[in-house]
Amino acid sequence: MQLSREALIRAYRQMKTIRLFEERLHDEIALGEIAGFTHLYAGQEACAVGVCEHLGPTDYIISTHRGHGHCIAKGCDVMAMMKEIYGSRDGLCKGKGGSMHIADMNVGMLGANGIVGAGAPIAVGAGITAKSNGTVSIAFSGDGACNQGTTFEAMNMAVVLKLPVIFVFENNHYSEHTGEAYAVGAESMTARSAAFGMKAIKANGIDFFSVYDAMRELIDYCKAGNGPASIELDCERFYGHFEGDPQRYRGPGELDRIREERDCLKTFRTKVTEAKLLEGAELDRVDAEVSDLIDRAVAEAKQADRPTPQDVLQDVYISY
Amino acid sequence: MQLSREALIRAYRQMKTIRLFEERLHDEIALGEIAGFTHLYAGQEACAVGVCEHLGPTDYIISTHRGHGHCIAKGCDVMAMMKEIYGSRDGLCKGKGGSMHIADMNVGMLGANGIVGAGAPIAVGAGITAKSNGTVSIAFSGDGACNQGTTFEAMNMAVVLKLPVIFVFENNHYSEHTGEAYAVGAESMTARSAAFGMKAIKANGIDFFSVYDAMRELIDYCKAGNGPASIELDCERFYGHFEGDPQRYRGPGELDRIREERDCLKTFRTKVTEAKLLEGAELDRVDAEVSDLIDRAVAEAKQADRPTPQDVLQDVYISY
Amino acid sequence: MAIKMIRDVIRDTIDEEMARDDSLIMLGEDIVGGNGAPGGPEAIGGIWGTSGGLWAKYGADRVIDTPISESAIIGAAAGAALTGKRAIAEIMFADFIGVCMDQIWNQVAKFRYMFGGKTTCPLVIRMPYGAGFNAAPQHSQVIHQFVTAMPGLKVVMPSTPGDAKGLLTQAIRDDDPVIFLEHKALYGVKGEVPDGDYVIPFGHARQVTQGDDVTILATGMMVGFAEKAAAELAQDGIGCDILDLRTTSPLDEEAILDSVERTGRLLIVDEAPPRCSFATDLSALVAQKAFASLKAPIDMVTAPHSPVPFARELESAYLPSPDKIVASAVKLMSYRRG
Amino acid sequence: MAIKMIRDVIRDTIDEEMARDDSLIMLGEDIVGGNGAPGGPEAIGGIWGTSGGLWAKYGADRVIDTPISESAIIGAAAGAALTGKRAIAEIMFADFIGVCMDQIWNQVAKFRYMFGGKTTCPLVIRMPYGAGFNAAPQHSQVIHQFVTAMPGLKVVMPSTPGDAKGLLTQAIRDDDPVIFLEHKALYGVKGEVPDGDYVIPFGHARQVTQGDDVTILATGMMVGFAEKAAAELAQDGIGCDILDLRTTSPLDEEAILDSVERTGRLLIVDEAPPRCSFATDLSALVAQKAFASLKAPIDMVTAPHSPVPFARELESAYLPSPDKIVASAVKLMSYRRG
Ligand SMILES: Cc1ncc(C[n+]2csc(CCOP(=O)(O)OP(=O)(O)O)c2C)c(N)n1
Ligand SMILES: Cc1ncc(C[n+]2csc(CCOP(=O)(O)OP(=O)(O)O)c2C)c(N)n1
Ligand SMILES: [Mg+2]
Ligand SMILES: [Mg+2]
């Protein structure tokens with residue numbers, strides 16, 4: 001599909017924002033600046049952005065424990081996200097949720113989720129609303145999450161109710177330390193999804209354009225009332241499962257190789273510059289702007305107001 | 001497959017025992033003699049017996065809420081079962097479990113189960129033991145249960161662990177009041193099972209021989225170390241979902257038709273007498289013996305000791 | 001005032017609220033019935049008879065039959081409720097919370113908190129519960145001990161037709177998620193039901209009987225047992241102050257403490273087994289906040305620490321009963337500090 | 001006596017028991033690690049480091065990595081345990097009980113009872129639990145309030161390396177199903193561990209400190225908090241009788257009642273939110289059975305009725321602390337009956 005110059009720049013900016021956000025977190029966590037468990041999305045940017053560039057605020061997505069990329073791609077405020085990860089009371093979730101629970105209903109982002117497989121059923125419900133709005137609902141899941149009973153139930157129910165739900169499986173080949181080759185018993189998760197009675201395709205998760213085009217097709221298909229669909233995106237995660245993971249399950253040289261050969265940002269840059277759709281200088285300018293944004297986000301997050309003990313009992317209920 | 005005369009009589013006796021057990025329960029329940037929720041198996045006898053005639057005491061089965069047939073087929077004592085359903089303290093479960101929880105580890109029957117979909121994961125564990133014994137483990141499920149997340153998880157895990165587990169789906173076309181056509185979104189549950197990465201076949205659940213032959217193939221396949229398999233058995237339930245169900249979801253004349261045209265006992269009798277494998281008189285003799293057995297079982301169950309309040313706190317633990 | 005059975009009150013209240021609010025949907029297994037079957041849809045309208053006629057009136061987009069997939073039912077209801085709908089999910093037996101607890105506990109109950117107070121999830125999870133039908137260990141349980149322990153949920157246990165209407169109306173209109181527990185043995189109970197719009201705010205106990213000797217706290221089917229016991233105790237001159245708590249979360253602490261301060265004796269009746277239960281919860285409240293008023297130990301009439309057994313004799317022995325309540329009250333009255 | 005960290009005690013105890021009993025198997029996610037990956041298998045040995053080396057020693061038929069399917073993990077362990085194996089299932093975080101509760105509550109806990117006392121299901125479900133890591137609402141919870149409420153389960157919460165060994169050995173050899181709760185923040189705690197065969201029977205509290213003024217009941221990470229508080233209180237002349245209950249089911253009622261009968265004051269420390277909790281359970285026990293000894297209200301230092309918040313300041317404020325325990329004890333000591 002032909003994208004406008006603006007659209008290309010926007011997509012690149014989104015991917016770059018995710019990348020720098022995550023790289024910076026990696027450094028900050030190593031310095032002990034950030035509490036809790038953090039799962040970095042770096043490497044998978046083309047997936048989140050290739051999906052979300054099609055979506056508006058009343059299209060819904062739900063995410064996973066590895067949620068930063070989805071949040072940024074769907075339009076969550078980067079400053080407020082960073083503050084949340086730092087545990088500030090000005091964070092997007094007032095410091096209550098942290099990395100694994102960033103959400104913003106205003107942009108149709110129904111939350112990162114610490115429970116593997118919990119998102120898909122909720123996306124089915126958002127699909128009920130989407131059906132009445134003429135929009136779509138997207139469940140991001142991993143290759144590990146695709147084995148959880150809740151994910152299967154959600155797929156069957158979405159088919160039964162003919163809902164406009166798209167199950168996006170980011171296959172980064174690992175669930176924590178276990179290979180997809182071990183944990184997914186099926187020939188492929190795509191074949192398995194197809195057998196649930198939905199359109200199921202694969203795309204190249206390190207190529208923004210592959211994801212973007214495939215998603216256009218699926219979104220149109222779902223909006224036309226054909227029921228749900230699924231897509232498997234072959235991709236790579238550049239860091240450990242969580243920050244602190246020594247990654248002994250990786251093959252020799254694996255990390256270097258994927259960073260060299262399977263980097264979605266490099267792939268994008270090469271494609272658009274070789275096709276003369278954008279110039280390198282333009283992309284460099286975006287890089288600088290994004291880098292600046294992330295610097296500001298971290299600086300602000302470090303200065304931001306801290307929560308107080310009285311905040312603990314706020315927002316358990318609307319009224320009680 | 002060629003069965004001996006003894007084997008044929010035995011199979012018929014088992015099916016007939018189930019049928020008369022259930023018909024008698026139907027009457028007794030109508031008289032208010034039996035407490036609780038009872039789900040009758042009548043109509044599906046060829047499934048339970050066609051499967052279990054291959055099995056010995058260290059092959060395992062696990063059952064469902066509709067468990068009487070599986071229990072009888074696997075060799076649970078009919079007198080003790082009847083007493084259990086009547087809530088006697090001499091019942092197979094001392095009156096603690098009733099219809100929905102009949103079990104006997106001594107014959108490899110891991111229990112009827114009131115939670116739809118709960119059996120399949122447990123059968124996977126019995127499959128671990130079976131693998132080390134050279135036996136097999138069988139999970140009976142319905143067309144409704146096949147949509148429960150636990151069933152899906154169990155199928156994937158059995159494939160991953162290459163266990164000798166056979167998922168037997170008795171498709172009687174209804175889960176309570178809802179049609180299989182509605183609740184199973186997939187083209188078929190067999191196609192869906194196959195996509196999990198296992199051998200998946202169908203058989204005619206009203207024909208004992210179809211079930212029996214198909215199971216021989218699957219059991220050999222599983223014992224040869226090929227991992228799990230699944231089978232869908234097309235069958236009919238002759239009574240309501242539970243006793244008391246007015247069955248308004250049935251089509252006009254449906255019950256009469258299936259009882260006339262799709263009765264596995266009639267089918268069996270016709271086949272074996274036409275092929276001159278057994279004589280009608282021989283079968284009549286079995287009928288009479290079984291009828292007598294059921295009469296005695298009911299008579300004894302009505303007389304049997306009742307539990308006492310002190311029994312309530314027995315058997316919660318082995319020691320506490 | 002009409003005289004109705006609780007099962008009909010539930011149905012009619014849902015009907016009224018669906019008529020009132022287009023955004024309200026409901027989901028569950030067989031709540032329509034007969035989908036995909038020759039005799040259906042709507043052959044049944046819910047196995048408890050609590051949704052008859054609703055599919056015909058509001059259509060398949062609002063009255064949604066589901067496969068047997070409780071996690072997906074709660075998840076779907078929650079996802080709809082997060083995105084602008086109101087939802088009612090029916091879990092056919094409360095015992096099935098075991099297959100969908102994550103969606104209730106880690107998702108629905110926590111959304112608002114972990115998302116920083118910016119979301120609403122107006123969702124009612126209806127769960128028929130309780131013993132009395134010889135339905136055996138997996139179809140007879142109470143679960144209020146679990147859900148009351150979960151911050152973020154409100155928990156309702158009506159015991160009369162009138163309360164069922166007022167509390168269910170409140171539950172549906174509430175912006176917080178609500179667990180609405182319907183005792184299976186009470187569905188057939190008849191009583192007066194106010195006409196028109198009728199809302200009972202949560203956190204207000206109902207005074208069932210007044211008395212100065214023993215405070216009796218109860219919910220659901222236990223309320224009737226307590227009333228029977230109180231009638232008997234009255235003949236012996238023992239006055240019982242029975243409170244039907246109606247909601248276990250929020251809890252009407254004030255009414256409880258006021259009563260105990262008056263009577264000095266507390267008897268709690270609970271259908272749950274005794275450990276980490278709502279009975280212990282109430283006991284602890286009083287032992288902490290009305291200690292000085294207590295003239296006797298706090299007594300609890302509960303189920304024993306066992307599953308719910310099947311046989312008639314066993315289930316009767318398992319359940320609290322008016323007799324056991326009488327015995328406990330008599331014991332409390334005769335207590336003298338050592 | 002060796003000095004070891006709890007995480008190593010867990011691993012070593014499993015190792016010893018696997019060597020001792022061929023029928024013992026274990027299942028969980030990443031308990032081997034690296035299966036199906038270029039660097040594996042056994043790249044890791046469990047994300048908590050509690051199963052390192054076991055796969056290499058006992059093989060893939062006994063140390064079984066699973067997909068992310070907690071219901072199937074518990075079900076598989078249960079099915080194996082019903083058919084002649086002994087099994088240890090690891091649920092990576094106790095918070096995930098929500099996706100497998102049915103298998104625990106309606107299956108494992110009830111088998112023996114509902115099958116008439118004729119089966120055994122020797123199964124240990126290990127669950128790392130608790131707050132202290134800023135792991136946010138879905139990875140920081142305690143769940144003993146739920147499992148203690150379930151008849152048919154035994155529930156263990158060790159707080160020291162020695163207890164971890166003795167109790168885990170008992171759990172593995174026990175013929176009843178056991179929930180074994182390991183506090184994540186205690187994995188790195190070092191202490192003395194008896195050599196050789198060492199079994200601690202269930203239902204026996206450990207006397208942590210002796211004192212005549214206030215009985216303090218605690219488990220898991222709360223025990224250390226209570227000890228810190230007691231040290232401070234001792235300076236003000238307040239003597240604390242701390243009991244580490246070690247198992248919440250069965251419960252050492254005798255030790256609790258004896259202590260309260262001596263001190264007349266009860267302070268319960270519990271990491272759970274306050275409703276229908278183990279704290280209320282203990283309070284109710286004492287209010288019923290040692291009422292006459294009580295000189296003051298029963299106080300509870302618990303988490304508040306909220307999810308576990310993420311930010312450092314919030315999580316600290318959420319958790320019980322030595323300071324809060326001190327304040328409560330002082331309040332109890334100064335109580336005078338109105
Ligand atoms: C129900 C549940 N089980 C286990 C976990 C622990 N866990 C967190 S992430 C993860 C692996 C998920 O793998 P995948 O779905 O492939 O996502 P990825 O990490 O690759 O993004 C596991 C096992 C969890 N959070 N929730
Ligand atoms: C987890 C759970 N959900 C719902 C039910 C209620 N229920 C009992 S049987 C049944 C239908 C099962 O259908 P199927 O699997 O086809 O078995 P069949 O009744 O046809 O034998 C339902 C919904 C249950 N017992 N457990
Ligand atoms: Mg992955
Ligand atoms: Mg069926």
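Residue numbers start from 1 in every chain, and the chains themselves are labelled A, B, ... in the order their sequence lines are given, proteins ahead of strands. Since the model is a prediction, treat every value here as computed from it, not as a measurement.
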Name the region of [X], side chain, backbone, both or neither, that has any atom closer than 4.5 Å to a heavy atom of chain C.
X: Tyr320(B); result: side chain
X: Gln314(B); result: neither
X: Ala118(B); result: neither
X: Thr308(B); result: backbone

Using a 4.5 angstrom heavy-atom cutoff, name the option from [options] with the most pairs to chain B.
options: Ser69(C), Gly33(C), Gly40(C); value: Ser69(C)
options: Asn134(C), Asp95(C), Ile68(C); value: Ile68(C)
options: Gly98(C), Pro309(C), Pro137(C); value: Pro137(C)

TODO: Tell me, for Val32(C) versus chain B, whether the close heavy atoms (under 4.5 Å) come from the side chain, the backbone, both or neither.
DONE: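 Nothing of Val32(C), per the 4.5 Å heavy-atom cut-off to chain B.
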Open item on the list: Under 4.5 Å from any heavy atom of chain B, what part of Tyr318(C) do you find: side chain, backbone, both or neither?
Closed with: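 Contact with chain B is through both the backbone and side chain of Tyr318(C).
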TODO: Determine, stepwise, if the pair Met100(B) / His139(C) fulfils side-chain contact (heavy atoms from CB on, under 4.5 Å).
DONE: CA-CA 10 Å; Met100(B) 263 192 287; His139(C) 283 75; 3.6 Å; yes
List the atom of [X], the atom of [Y], and the distance in Å for their closest heavy-atom pair.
X: Arg306(B); Y: Ala311(C); result: NH2-CB, 4.3 Å
X: His305(C); Y: Leu313(B); result: O-CD2, 3.5 Å
X: His177(B); Y: Ile47(C); result: NE2-CG2, 3.7 Å

Task: Ring geometry between Phe37(B) and Phe93(C) (parallel below 30°, tilted from 30 to 60°, perpendicular above 60°) - done: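 Phe93(C) vs Phe37(B) ring planes: perpendicular.
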- [ ] Please list, chain by chain and in numerical order, all residues satisfying side-chain hydrogen bond (donor to acceptor under 3.5 Å, both in side chains) with Asp270(C), sequence neighbours excluded.
- [x]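 If we apply the side-chain hydrogen bond (donor to acceptor under 3.5 Å, both in side chains) test to Asp270(C), skipping adjacent residues, the hits are His144(C).
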Task: Between Gly87(B), Gly114(B), Pro252(B), the one whose heavy-atom pairs under 4.5 Å with chain C are most numerous - done: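 The option with the most such pairs is Gly114(B).
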- [ ] Say whether Asp30(C) and Thr178(B), considering side chains only, have a donor N or O and an acceptor N or O under 3.5 Å apart.
- [x]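 Yes.
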